[in-house]
Amino acid sequence: MTPVLHDWVLDAGCYRVRLLASLLGADLDLRSVDVHPGDALRSEAFLLLNPAGTLPVMEVDGSVLTDGPACLTWLAATHDAGWLGDPSPGGRAALQHWLGVSHELAATLGAARPMDMLGASGDPRPLRLAGRGHLRRLDAALARGRWDGRAFLLGDRPTIADVACFPDVALAGDCGMSLDPYPSIRLWMRAVRGLPGFVPMPGIHPLHEASPFPEDARGSGADAARGTAA
Amino acid sequence: MRWTAVMLAADLPPGAAAGTTVDGTDLAVWRSASGAVHAWTDRCPHRGMRLSHGFVRGETLACIYHGWRYGTDGACRHIPAHPSLTPPKTIAATDHACREAGGLIWVGGTGEPPVIEHPHPVRSLEVAAPPEAVARAFGAAEGVRVLDLDGRAATLALQPVASAATRIHALCARPDDRLALSRALDARRARAEGDAA
Amino acid sequence: MTIAPADRAAWYPAAPSSAVTEGHATPTVLLGEGVALFRTDGVAAATGADRRALAVTERYDHVWVCPGTPDRALFAIPEAAMPGRRAVPCGSIHVRCSPLRAVENFLDIAHFPFIHTGILGEEPHTEVNRYDVRIDDDLDEVWARNITFHQPQASVSAEGALDVRYEYRVPAPTTAILYKTCPARPAEWDVIAIFVQPVSEETCIAHPWMTMFDDATPHADMVAFQQTIFLQDRSILENQIPARLPLDPGMEVPTQADLTSIAYRRWLKRRGHAHGAQLVAA
Ligand code: FES
Ligand SMILES: [Fe+2]
């Protein structure tokens, strides 16, 4: 049965799930939740589904997953376990490490974003400062991987660790944080954006550089036209 | 005019664009498919969008907002809203001197950029502290400095960004030193920022 | 900071109606000054920093405030009263840009292929055909007509790509309205507006709102569509330099596709609107 994702276009946690599903070629049955302005996460109907009142929520095979990395794990395990990384003890530990970091990113940068973007209550400044620490450590870890020729967090192929961490990092600009100081993050984001099946979300541009200029793509047609003119 | 290193050359592959700041001036730095590097004022002449958010195709940087395309000389080559129009010569991005040398990308100087002895890029990092605190922790707040960090030789090229931000681009002599140097840089940054706080 | 008389005399959205409730004050900011909004026996009211009562009117699901003495009534959107339409307020989005930049972006179609890729535009369909723009002196509004553009997914209910017709209208300095081909009823327009609340010269809150004929699409999907579009724009708006809108020619280079923007800037200047504008080329 197709998993049902209770979804909001602007939610970074839901985007993780949509992104992985698209990368895997997996179907999702999307149900929009009117989080803003409708405040639907506090509605009785939603709280009956997820008492925590948070997104994402994914219904699969009669169970309800309410944790982003849990949704990613389920999708990868059912479609392509390669996305869970290397099953060695070291590989499993590394995966758990980065899934843990993804929660930290969501709790800092991800929490500052609705304050900056929607005027949600709270002070985003300490969250941005804590987020900066995560960005610095991520950039250093990615630089280290690049010395060994690795483009992704767990090696030379993408895993759910990358998908889990990508959204809150790529959306840092939404809470007024520049990613200019983090060159390895920039290259990693580009690698993620270049994956076959990548889908953007508002605040994250598609990789326009990956497509040729339209007139170059129509090379044969242009040649024919030139032939006629001559 | 002195050259300022703005990034490690390895951090800007062909077809990439990135933003940076030198003494408060925002720049878009990009590398075309053929490998040449360019630095422009980070502002599209059309409606002011940052060009560093743009995308590179071949020998062209296109602005993300309306897709205006600029050639390597900065001149606007194509306006997608008017595909058959030849843009007037007056529409151009503002070009800054830009060179690749010694594993670094340099902007804004004349003559030859400084010679860099150490061949292996370590990483770049930003220190959020005023120049005095950066100088105390790293021995300098601008220019190029060769030093011994916990027994390992490194070259640091320092980029003044704003009144309380400096970027440090580090290279080293031996690849095996990179991890230890990277950690040492983090530790000195913590010292500089602790000093400043 | 002194605020120009024309800026004081205009109407601005100050909150969605749903945010102003009986029994407590809703604080907000207009033109850099604190405003408190109230509702008593269903009627909305507002006071300024000095507790002075401000002119208030409530329409199109929003509370509108004039910080000075209004020189006209709030503009009309006749379609809002048409039976069979659904009005959809789409939230309040905070943006670090001039309120005027937010309006100008809303009036622009040339960015669709690059910013709303696959939805409102797509390469190679980038050409903007000549259209008609005028400042209507009787209405004192900017109008752009006869715009057509190729759109891959013009609205939630559009099935496949369409050549879509557009008209734009600027009835107040920080409000723009778009009339757009209605896929369900070719004789009618979908009406999509952006009500921009000027918080300061370099920050604003955009309240997108629409009214359309569409009985089928779930409410949450209609909101999501509009939020997708506007949040794609937000990352642009926060990265234009300067943050304020240059009204004097010379600093930015317009083309024929920008005729609406040119008329909008000229109209603002002529009316003496300065808040959020950069008047001297820096
Ligand atoms: S602002 Fe750069 S193309 Fe329009
Ligand atoms: Fe837009």
Side-chain angles (χ1 to χ4, degrees), chain B residues 17-30 39-58 60-71 74-96 162, chain C residues 97-98 100-117 120-131 147 149-150 232-247 249-262 264-265 278 281-282:
Chain B
T20 193
T21 307
V22 177
D23 273 327
T25 301
D26 292 335
L27 298 172
V29 183
W30 65 284
W40 296 346
T41 298
D42 200 7
R43 189 180 160 275
C44 177
H46 176 220
R47 284 296 181 242
M49 180 62 197
R50 286 186 187 276
L51 286 169
S52 57
H53 290 231
F55 53 94
V56 179
R57 287 178 184 166
T60 308
L61 176 65
C63 174
I64 189 81
Y65 196 1
H66 307 95
W68 289 22
R69 298 180 204 162
Y70 299 89
C76 181
R77 291 287 150 73
H78 181 83
I79 295 177
H82 308 296
S84 48
L85 177 92
T86 304
K89 294 256 183 314
T90 47
I91 306 181
T94 308
D95 201 10
H96 296 249
Chain C
C97 75
S98 153
L100 310 178
R101 287 258 193 216
V103 168
E104 186 176 271
N105 167 74
F106 189 84
L107 301 172
D108 177 70
I109 40 185
H111 72 283
F112 290 173
F114 302 98
I115 304 305
H116 308 300
T117 314
L120 302 184
E122 197 162 53
E123 290 180 287
H125 308 284
T126 55
E127 183 158 12
V128 177
N129 294 315
R130 186 172 258 295
Y131 54 89
I147 302 168
F149 204 71
H150 176 92
Q232 288 175 331
D233 288 319
R234 184 176 182 269
S235 65
I236 297 300
L237 290 169
E238 297 202 334
N239 286 290
Q240 278 175 279
I241 301 169
R244 297 181 197 195
L245 186 74
L247 293 193
M251 182 149 197
E252 296 185 347
V253 186
T255 70
Q256 186 189 290
D258 301 310
L259 288 176
T260 319
S261 132
I262 296 167
Y264 174 57
R265 293 182 185 200
Q278 174 146 327

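So you know, we letter chains A, B, ... as the sequences are listed, proteins then strands, and number each from 1.
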Does some side-chain heavy atom of [Y] sit less than 4.5 Å from a side-chain heavy atom of [X]?
| X | Y | value |
| --- | --- | --- |
| Val22(B) | Leu27(B) | yes |
| Ile64(B) | Met49(B) | yes |
| Trp68(B) | Thr255(C) | yes |

Honestly, the part of Asn105(C) sitting under 4.5 Å from a heavy atom of chain B is both
If you tally heavy-atom pairs under 4.5 Å between each of Ser52(B), Pro80(B), Cys76(B) and chain C, the highest tally belongs to Pro80(B)
*Name all pairs fulfilling the salt bridge (charged side-chain N to carboxylate O under 4.0 Å, His left out) condition that reach into residues 39-56 of chain B, sequence neighbours left out, sorted by first residue then second.*
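As it turns out, the salt bridge (charged side-chain N to carboxylate O under 4.0 Å, His left out) pairs with a partner in residues 39-56 of chain B, which skip direct neighbours, are Asp26(B)-Arg50(B), Asp42(B)-Arg50(B), Arg47(B)-Glu104(C), Arg47(B)-Glu252(C).
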TODO: Measure up the His46(B) and His66(B) rings against each other and bin them: parallel (under 30°), tilted (30 to 60°), perpendicular (over 60°).
DONE: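 Judged by the thresholds at 30° and 60°, the geometry between His46(B) and His66(B) is perpendicular.
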Just to be sure I understand the criterion: a residue of residues 83-91 of chain B counts if one of its heavy atoms is under 4.5 Å from a heavy atom of chain C. Which ones qualify?
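Interface residues of residues 83-91 of chain B: Pro83(B), Ile91(B).
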Notebook entry, point to check: Non-hydrogen atoms of chain C under 4.5 Å away: do they reach the side chain of His53(B), the backbone, both or neither?
Noted result: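 It is the side chain, since no backbone atom gets that close.
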| message | So, taking the atom named NE2 in His150(C) and the one named OG1 in Thr126(C), what distance separates them when rounded to the nearest 0.5 Å? | response |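 Reported value, rounded in 0.5 Å steps: 11.0 Å.
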Show, in sequence, the C-alpha distance, side-chain angles and deciding distance for Cys63(B) and Phe114(C), and conclude whether the side chain to side chain contact (heavy atoms under 4.5 Å, CB included) test is met. CA-CA 9 Å; Cys63(B) 174; Phe114(C) 302 98; over 6 Å; no
- Item | Donor-acceptor side-chain pairing of Tyr65(B) and Asn239(C) below 3.5 angstrom | no
**Prompt:** Based on non-hydrogen pairs under 4.5 Å, which of Ile241(C), Asp258(C), Leu245(C) is most in contact with chain B?
**Reply:**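 With the most close heavy-atom pairs to chain B, the winner is Ile241(C).
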